[in-house]
Amino acid sequence: MVETEVIEPAADPGFDAARAEAERLTALILELREAYYGRDESLVSDAEYDELIRRLESLEAEFPALRSQDSPTQRVGAATRSLFSPVVHAERMLSLDNVFSIAEFEAWAARVERDAGRPVRWLCELKIDGLAISLRYDRGRLTSAATRGDGVTGEDVTENVLRIPGIPDRLAGTGHPPLVEVRGEVYFPVAAFHELNAEQEAAGERVFANPRNAASGSLRQKSEGKSAAALDLMRRRLTRLKMLVHGIGAWPDPPVAAQSEVYALLESWGLPTSAHAKTVTSIAAASEYIEHFGEHRHAVEHEIDGVVVKVDELALHSELGSTSRAPRWAIAYKYPPEQVQTKLLDIVVSVGRTGRATPFAVMAPARVAGSVVRQATLHNQDVVKAKGVLIGDTVVIRKAGDVIPEVLGPVVELRDGTERAFVMPSECPECGSTLAPAKEGDIDLRCPNARSCPAQVRGRVEHIGSRGALDIEGLGEVSAAALTQPLVPERPPLETEAGLFDLTLDDLLPIEVVVRDAETGLPKLDADGETVRVTPFRKVVRPARKTQPAEFGPSAAAELLLAELEKAKTKDLWRMLVALNIRHVGPVAARALAAWFGSLDAIRAADRAELAAVEGVGPIIADAVKEWFEVDWHVEIVERWAAAGVRFAIPGHPGPGAAAAAGGVLAGLTIVVTGSIEGFSREGAEEAILAGGGKAAGSVSKRTDFVVAGPGAGSKLAKAEALGIPILDADGFKRLLAEGPAAAKEA
DNA sequence: CACCCTCGAGTTCA
DNA sequence: CTCGAGGGTG
């Protein structure tokens with residue numbers, strides 16, 4: 001490059017004129033570029049700008065002496081005009097070998113230590129799920145930014161990369177080599193990604209399936225032919241991108257001895273490096289790093305698809321060398337993929353206990369984050385539209401919070417034209433009633449046939465048996481379905497939940513259930529093509545002698561269910577209230593109502609204002625309670641249950657208006673339980689808190705006084721730590737219950 | 001009017 | 001367990 005700075009003698013008489021013209025053009029171009037990149041102003045059109053560059057280039061071609069290192073044709077400005085043109089990396093961008101388990105990782109690391117002949121210092125860093133980028137700095141100036149491409153040749157994205165905050169177009173400090181390629185990862189921070197999608201959705205634009213796609217899409221935008229508004233939007237997207245650098249391409253003789261020192265150097269040059277990189281001195285510590293971020297993947301601002309572990313000492317890098325594909329001194333530990341593609345086979349609508357019609361995705365079974373997923377809720381028709389999925393699409397799915405399957409969106413490129421749009425049915429799929437919003441403006445559609453829609457009755461019966469209500473063993477999803485399905489040609493054992501406590505063995509014995517295949521959901525067929533049926537409540541008592549008909553008796557499940565129903569009749573009043581399925585009355589509101597009024601009769605007799613006066617109950621819940629008692633078949637439930645011996649009162653309660661038992665060691669405290677607590681069931685721990693006069697809340701907030709955490713604690717514990725709320729283990733909790741908050745805080 | 005909280009739904013695991 | 005929706009409270 002130095003030779004271009006040697007000024008040749010001006011033999012040509014046109015040279016002086018050319019030099020004057022070149023200087024004028026250079027000044028103009030620099031000025032325009034400063035306006036464009038520095039102040040976001042386009043003083044001329046792109047075509048005019050290109051024309052200026054071309055004139056300068058042709059002058060320089062004619063008079064090579066004019067081509068100085070500082071010429072705009074040699075730098076960013078030139079590159080920006082050829083977005084996506086191929087760029088040959090000075091040094092090949094290698095990929096990394098992968099391992100998928102701690103055992104594999106430790107085997108790899110042990111091999112490296114054996115080859116090195118001594119223990120190695122390791123540099124652990126997060127593997128960002130973004131786009132690999134190579135930044136080329138000539139004499140400290142950014143001359144090109146290119147994607148990885150095939151490792152040899154990438155695409156020029158300089159124009160867009162320059163808009164990413166934090167990427168200097170000129171390196172700070174001194175001591176940079178004449179030519180250096182800095183390698184890093186461009187990504188969309190998760191929070192910004194969600195904002196972006198919300199905006200895209202509001203603007204009627206496509207939403208991105210994940211932050212990686214958003215980063216890739218943003219970086220590959222072209223400015224040409226865009227309106228001013230679109231250009232503005234594009235720039236805003238680019239400014240939300242971020243980049244972290246994690247290596248250097250070509251640097252034969254670095255002034256440092258370790259990769260971690262390279263990072264410090266890069267930082268001193270003004271390049272952004274990750275705060276999560278960490279050097280450790282043992283393989284076990286590296287494994288710990290991997291496991292730690294496996295559990296806290298979501299605590300980082302960007303998505304992570306793994307961890308990269310590098311040998312820290314640079315001397316060992318050259319000693320260990322590289323294969324043609326990847327260096328031997330680094331490895332990528334890949335976490336199980338969180339996002340996976342699968343086929344959206346159908347969108348089906350289900351009806352829940354409240355009558356709400358919910359579309360859900362039926363998918364080809366796919367393994368995500370450790371389990372097989374085949375269904376995921378789509379919430380309502382607006383969400384289906386917003387996600388833009390068509391039946392037959394290949395879709396991207398993930399487990400939100402590592403638990404709940406979620407459809408992110410379609411892979412539009414894989415469409416073949418046979419996909420069809422989902423149409424929300426206008427009738428209930430189970431009973432045929434016309435679906436309608438409960439009130440004006442509601443998005444959710446509901447089946448109005450609350451009394452006899454099979455889906456709703458089934459859902460309510462299941463809810464009655466659930467832990468938060470009467471907690472009836474033997475009354476779960478399967479029994480609820482069996483009890484509410486019609487028995488050909490008779491009616492179902494339960495037409496509504498009113499008959500629940502009148503059930504007898506005679507009702508249970510004849511019940512048959514069609515066995516369905518777990519994979520397909522279709523009825524199972526036996527060898528003869530008959531559907532397989534089982535009788536969950538009946539079993540053969542005495543094997544029949546060959547000549548005599550079989551005799552049947554109740555199964556253990558039948559005995560259990562009847563015994564549990566008997567036990568349930570005298571459970572707490574608040575559980576009875578929850579079991580009645582009154583809108584907005586869950587465990588918390590039910591407890592408040594029960595404690596205040598003491599009996600269902602008192603609740604029923606109370607007027608709206610009296611109900612709303614109860615702490616935790618407002619006008620809406622009060623209305624819901626009043627309206628519930630105005631429906632005949634609701635009243636019938638109460639009457640038939642009462643006739644069957646159900647107790648709807650708290651024994652010994654003095655009557656309406658009884659003040660909540662004041663005092664207790666926990667009075668005024670709000671406590672949250674998370675994970676499993678030794679010596680307590682989850683319910684038991686909450687009961688103990690209530691018994692002590694405290695409040696057992698479901699989520700952690702700054703008003704929470706204590707968090708009781710045990711093994712298996714999740715996000716609630718993390719939140720408590722973040723908020724600085726005192727955290728108790730099982731022993732601390734016991735002390736709190738026995739001696740009060742002062743004693744617990746000391747420990 | 002914030003904020004915090006509860007409700008309701010779907011889902012999978014031991 | 002988590003999310004969105006919507007209710008309740010200070």
Side-chain angles (χ1 to χ4, degrees), chain A residues 194 198 201 298 347-363 365-380 382-383 386-387 397-408 437-439 441-446 455-456 458-460 462-463 466-469 476-477 518 521 574 577-578 581-593 611-625 670-676 681-682 686 695-705 711-719 723 725:
Chain A
H194 287 126
E201 198 182 320
H298 305 290
I347 295 177
V348 179
V349 171
S350 73
V351 173
R353 76 173 160 108
T354 62
R356 200 166 103 181
T358 309
F360 64 96
V362 178
M363 294 164 293
R367 239 193 137 68
V368 199
S371 61
V372 176
V373 170
R374 59 192 103 235
Q375 287 186 3
T377 178
L378 291 167
H379 305 289
N380 58 50
D382 283 15
V383 172
K387 295 200 186 268
I397 58 172
R398 70 159 177 189
K399 293 258 207 87
D402 266 359
V403 181
I404 312 296
E406 179 188 6
V407 174
L408 291 169
K439 59 178 183 347
D442 267 12
I443 293 170
D444 293 337
L445 296 182
R446 305 192 106 93
Q456 295 190 54
R458 190 189 333 126
R460 288 200 303 269
E462 189 186 336
H463 177 244
S466 71
R467 264 213 311 249
E477 189 184 341
W574 71 265
L577 281 171
V578 175
N581 281 294
I582 302 170
R583 271 295 203 103
H584 304 129
V585 178
V588 174
R591 276 191 172 102
L593 287 167
L611 290 167
V614 176
E615 193 177 334
V617 178
I620 308 270
I621 292 181
D623 282 342
V625 172
T670 299
I671 299 160
V672 175
V673 182
T674 178
S676 52
S681 68
R682 161 57 70 85
E686 284 172 5
K695 227 176 121 187
S699 55
V700 178
S701 70
K702 63 184 171 198
R703 279 198 241 158
T704 309
D705 296 292
S715 61
K716 285 183 218 172
L717 178 58
K719 189 162 181 198
L723 291 172
I725 291 163

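Naming convention: chains lettered A, B, ... in sequence-line order (proteins, then strands); numbering from 1 in each chain.
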Return the value, rounded to whole Å, for the distance between atom [atom1] of [X] and atom [atom2] of [N].
X	N	atom1	atom2	result
A/Asp623	C/dG7	CG	C1'	12 Å
A/Glu406	B/dT11	CD	P	12 Å
A/Glu477	B/dA9	CD	C1'	13 Å
A/Leu593	B/dC7	CG	P	11 Å
A/Glu462	B/dA9	CD	P	11 Å
A/Arg467	B/dG8	CZ	P	17 Å
A/Trp574	B/dT6	CH2	P	13 Å
A/Gln375	B/dA9	CD	C1'	13 Å

So, using salt bridge (charged side-chain N to carboxylate O under 4.0 Å, His left out) as the criterion, who are the partners of A/Arg353 when residues are at least two apart?
none
Between [options], which nucleotide gets closest to the side-chain atoms of [X]?
X	options	result
A/Pro619	B/dG10, C/dG8, B/dA9	C/dG8
A/Pro587	B/dC7, B/dG10, B/dA9	B/dC7
A/Ile620	B/dT11, C/dG8, B/dA9	C/dG8
A/Pro405	B/dA9, B/dC7, B/dT11	B/dT11
A/Ile621	B/dT11, C/dG7, B/dT6	C/dG7

Derivation and outcome, side chain to side chain contact (heavy atoms under 4.5 Å, CB included), residues A/Lys387 and A/Glu406:
CA-CA 11 Å; A/Lys387 295 200 186 268; A/Glu406 179 188 6; 3.8 Å; yes
With respect to the phosphate group of [N], does any side-chain polar atom (N or O) of [X] fall under 4.0 Å of OP1 or OP2?
X	N	value
A/Thr354	B/dA9	yes
A/Ser350	B/dG10	yes
A/Arg356	B/dG8	no
A/Arg583	B/dC7	no

Only counting residues at least two apart or in another chain, list the ones meeting side chain to side chain donor-acceptor pair (under 3.5 Å) with A/Thr377.
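Partners of A/Thr377 under the side chain to side chain donor-acceptor pair (under 3.5 Å) test: none.
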Measure across A/Val407 and A/Ala376 and return the closest heavy-atom pair with its distance rounded to 0.1 Å.
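Where A/Val407 meets A/Ala376 most closely, the heavy atoms are CG2-CB, 4.0 Å.
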Side chains of A/Thr354 and A/Arg583: any donor to acceptor distance under 3.5 Å?
no
